[in-house]
Amino acid sequence: MATMKKMKWIYIAALLLSIGVFNSCTEKFLLKQAPDKEYTFKALHRKAEETIYGTYLAGRVAHIRQQYDIAADYYMKTVRLGTQTPEVFSTIYLLLASEGRIDEAADYALQAYEKGDKANLIAFILMTKDMHAKNYRVAYEDTTLVEDEPFQKTILPLFQGWILAASGKQKEALETIEILREDEGLRALYYMHKGMLNDYFSNKEQAFEDFEIVVNDETMPLSFRALQIIGNFYLRNGKKEKIINLAEKYYRQNDEMPMLGELVESFKTTDTSNLKKLIDTPQKGLAEAVFSVGTIFRGFQNEVAQLFTSLVLYLNPDFEVARVSMADLYEQSGRFSKAADEYLKIDKDSPVYYVAQLKLATNYMEQDKKQQAFETLLQLLKKYPKNEHIAFRLGEISRVMGKYDKAADFYLQALDKVPADDERRWTVYYALGIAYERQNKWDKAEEVFKKALDLSHRHPFVLNYLGYSWIDRGMNYNEALYMIFEAHRKNSEDGHIIDSLGWALYKMGNYENAVKVLERASEYLPSNAIIFEHLGDAYWQVGRKDEARFQWKHALHASEDKEEVDASVLRKKIKNGMEKAVPIPFNEKLLIDRLKAFDLENK
């Protein structure tokens, strides 16, 4: 049943798109701008045409660079200069709405409508503006601009229900959303919003019945937001133990979702004596309905999801789940600075603060702001001193920054916080081994690598790193070679493992096959300095000397792992070439027998 309901939402999403959520505006939306040739400017005065076109081109450049605020401003300037091109008006309101400039977007949306743009989004933008301004009668009229019957029977009743609630029309509001109950795929959404409406109107007993139906519907797990809203209702109405037990059950089932853990703690520590309703205005209720629609589009129509989320945050700026969602959408389109601004707006007492800060640190790393990422997590560790995930991430950032001693310290802190019987400790041991190895503390590194190997049930990454390190140090050749071959059998699509296999073949004296494997590794990691050097060495040994020098020159200028190669050695190779390599001693029969046994065991 859960799968069927999920499929129902996918069907609804497809339906909304097919009946024209944006109608003729789709091709102009955000990154999907129409080609320049489709824009024929119609100026009021011929003398203004040159200035208009130049301004439009400036907007176009900003648009392509995803500087949507700036693009919208340039496009609006073309209107002030006299352009009457309908497509420009449509592009403007879409950009303004996506950037949260809803009042301006509504003005241009109305003008676009008058010029023939009948996109359903116009109705939603106008509805949002008027609902925010408490012009409830007008907001309801805005929704009637949507003429598609399928849409009217799926999502529109939710919007209209909350608008009617804003006018104090309780009976009409509840009757309006009743149509959703007829569709099994929408029943959970129906009872969730019916419960919120009844709670808003202080119908406690009815709200409790509605929320109980949602809670007991095991075919569709509660979302974080649903749990947050129902939890707020239960806490206010003497059901604290019930919601804590429910939240803890979900957290046990989803212990990789730290927001749930934070929500459980917030339920436990909340003072219920003066607790306010989470959905205490119809604007916030409408925001929940709009967010439900926007969520449908995440993953395959992110631009649409961003637009709906902008409307949500305009209606309810305190909707922090939506704010994190918006930040995530910004990141998926590469707008990391905008995303960081959203994360920084999350209140420290919010149950989503912890996750927002983790994501903010990752965001800073994407922007190459390593120190800011480190300081963000360091402050978070002070707030959550027992949290192993924060300590581990601090270790990872320190390692990336080349501060291996600090990295080791944080990894050790993480190990102190992870239960001794937790198999996930292997990832910490693995990272700790790398930190020790980079400090030339090989004895310590080898010890923790072996622990990681055992706890991880011989994970290919650990096999690869330890095996390669042994070969690099001229030790345990038989075991090292087998480990690298085993790693490749377990994961033949990882570029680093493929490189290790190629280098193992090189060390064994099997240069022809080493070339083939290392060429494949370079396809997986086309900017890696180590692979360039390895491939150059292999080329040299098979007599392909010009290609060898070409690869060594590439290694000097590669962007990845450039600190792992010795530039002076590379320059010497480029100038003088190499001596004939001497294969390492190993027991070929033993290696073949072990690999045959491995293959038999894993058929």
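Side chains are part of it too, since the values below use all heavy atoms of this structure and drop only hydrogens, waters and symmetry mates.
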For Asp280 and Lys284 the tightest heavy-atom approach is OD1-NZ, 3.0 Å
Any donor-acceptor pair under 3.5 Å linking the side-chain atoms of Asn203 with those of Gln170?
yes
The test is side-chain contact (heavy atoms from CB on, under 4.5 Å); show your working for Leu197 and Trp162 and say whether it passes.
CA-CA 8 Å; Leu197 281 166; Trp162 282 105; 3.6 Å; yes
For atom NZ of Lys115, is the number of surrounding heavy atoms from other residues, nucleotides or ligands below 6.0 Å larger than 12?
yes
Do NZ/NE/NH1/NH2 and the carboxylate oxygens of Arg323 and Glu320 come within less than 4.0 Å?
no
Any side-chain donor-acceptor pair under 3.5 Å between Asn232 and Gln228?
no
Do the side-chain N and O atoms of Gln283 and Asn316 include a donor-acceptor pair separated by under 3.5 angstrom?
no
With distance as the sole criterion, is a donor-acceptor pair present between the side chains of Ser202 and Lys277 under 3.5 Å?
yes
Are more than 12 heavy atoms, taken from residues, nucleotides or ligands other than Glu178, located less than 6.0 Å from that residue's CD atom?
yes
So is Lys118 actually on top of Tyr113's ring, under 6.0 Å and inside 45° of the axis?
yes
Side-chain donor-acceptor pair under 3.5 Å between Tyr93 and Asp117, yes or no?
yes
Taking atom types as modelled and ignoring hydrogens, do the side chains of Asp328 and Gln332 form a donor-acceptor contact shorter than 3.5 angstrom?
yes
Would Glu375 and Gln379 count as having a side-chain donor-acceptor pair, cut-off 3.5 Å?
no
NZ/NE/NH1/NH2 to OD/OE distance under 4.0 Å, Asp130 and Arg137
no
Stepwise salt bridge (charged side-chain N to carboxylate O under 4.0 Å, His left out) check, Arg187 with Asp217
CA-CA 10 Å; Arg187 285 183 76 246; Asp217 184 357; 5.4 Å; no
What one should report as the nearest heavy-atom pair of Ile102 and Ala97 is CD1-O, 3.8 Å
How about Thr270 and Thr272: does a side-chain donor come under 3.5 Å of a side-chain acceptor?
no
Would Tyr75 and His63 satisfy side-chain contact (heavy atoms from CB on, under 4.5 Å), going step by step from the backbone distance to the final call?
CA-CA 10 Å; Tyr75 292 148; His63 198 161; 3.0 Å; yes
Are a donor atom and an acceptor atom from the side chains of Gln357 and Thr376 found within less than 3.5 Å of each other?
no
Answer with yes or no after comparing the ring centroid distance for Phe291 and Phe319 against a 6.0 Å cut-off, counting only values under it.
yes
Using distance alone, with no hydrogens and no angle criterion, decide if Asn302 and Gln306 have a side-chain donor and acceptor under 3.5 Å apart.
no
Under a 3.5 Å threshold, yes or no: a donor from one side chain and an acceptor from the other, between Glu262 and Tyr384?
yes
Would the number of heavy atoms belonging to other residues, nucleotides or ligands and lying under 6.0 Å from NZ of Lys77 be above 12?
no
Both conditions, 6.0 Å and 45 degrees, for the charged tip of Arg101 above the ring of Tyr108: are they met here?
no
Can we say Lys129 and Asp103 salt-bridge, meaning some charged N sits less than 4.0 Å from an Asp/Glu carboxylate O?
no
Between Asp210 and Gln206, is the side-chain contact (heavy atoms from CB on, under 4.5 Å) condition met? List the steps.
CA-CA 6 Å; Asp210 297 328; Gln206 187 58 56; 3.2 Å; yes
With side-chain hydrogen bond (donor to acceptor under 3.5 Å, both in side chains) as the test, pick out the partner of Lys338 among Gln66, Glu99, Glu331.
Glu99
Enclosure of Glu493 CD (heavy-atom neighbours >12, cutoff 6.0 Å):
yes
Any side-chain donor near an acceptor of the partner, Asn387 and Tyr354, under 3.5 Å:
yes
Kindly check if the number of other-residue, nucleotide or ligand heavy atoms within 6.0 Å of NZ (Lys249) is above 12?
yes
Run the side-chain contact (heavy atoms from CB on, under 4.5 Å) check on Ile229 and Asp199 step by step: do they pass?
CA-CA 10 Å; Ile229 292 170; Asp199 185 28; over 6 Å; no
Rounding to 0.5 Å, atoms OG (Ser325) and CD (Glu342) come to a distance of 10.5 Å
Of all heavy-atom pairs between Met259 and Phe224, which one has the smallest distance, and what is that distance?
O-CE1, 3.3 Å
Please list, chain by chain and in numerical order, all residues satisfying side-chain hydrogen bond (donor to acceptor under 3.5 Å, both in side chains) with Lys268, sequence neighbours excluded.
Glu248
Please report the shortest heavy-atom distance between His132 and Leu315, naming the atom on each side.
N-CD2, 4.2 Å
Are Glu141 and Tyr136 close enough that a side-chain donor and a side-chain acceptor fall under 3.5 Å?
no
Heavy-atom neighbours of Tyr314 OH exceed 12 at 6.0 Å
yes
Could you check whether Glu288 pairs with Arg225 (Lys NZ or Arg NE/NH1/NH2 to Asp/Glu carboxylate O, under 4.0 Å)?
yes
For Ala173 versus Gly161, what's the shortest heavy-atom pair and its separation?
CB-O, 3.2 Å
Side-chain ion pair, Arg393 and Glu396, N-O less than 4.0 Å
no
Indicate the atoms forming the closest heavy-atom contact of Ala339 with Asn363, along with that distance.
CB-ND2, 3.4 Å
Is the distance from the ring center of Tyr234 to that of Phe208 below 6.0 Å?
yes
From the list Leu94, Leu95, Val88, side chain to side chain contact (heavy atoms under 4.5 Å, CB included) with Thr91 holds only for Leu95
Give a yes/no verdict on a cation-pi contact between Lys369 and Tyr364, requiring under 6.0 Å between NZ or CZ and the six-membered ring centre and an angle within 45° of the axis.
no
Have Gln160 and Thr143 got a donor and an acceptor in their side chains that come within less than 3.5 Å?
yes
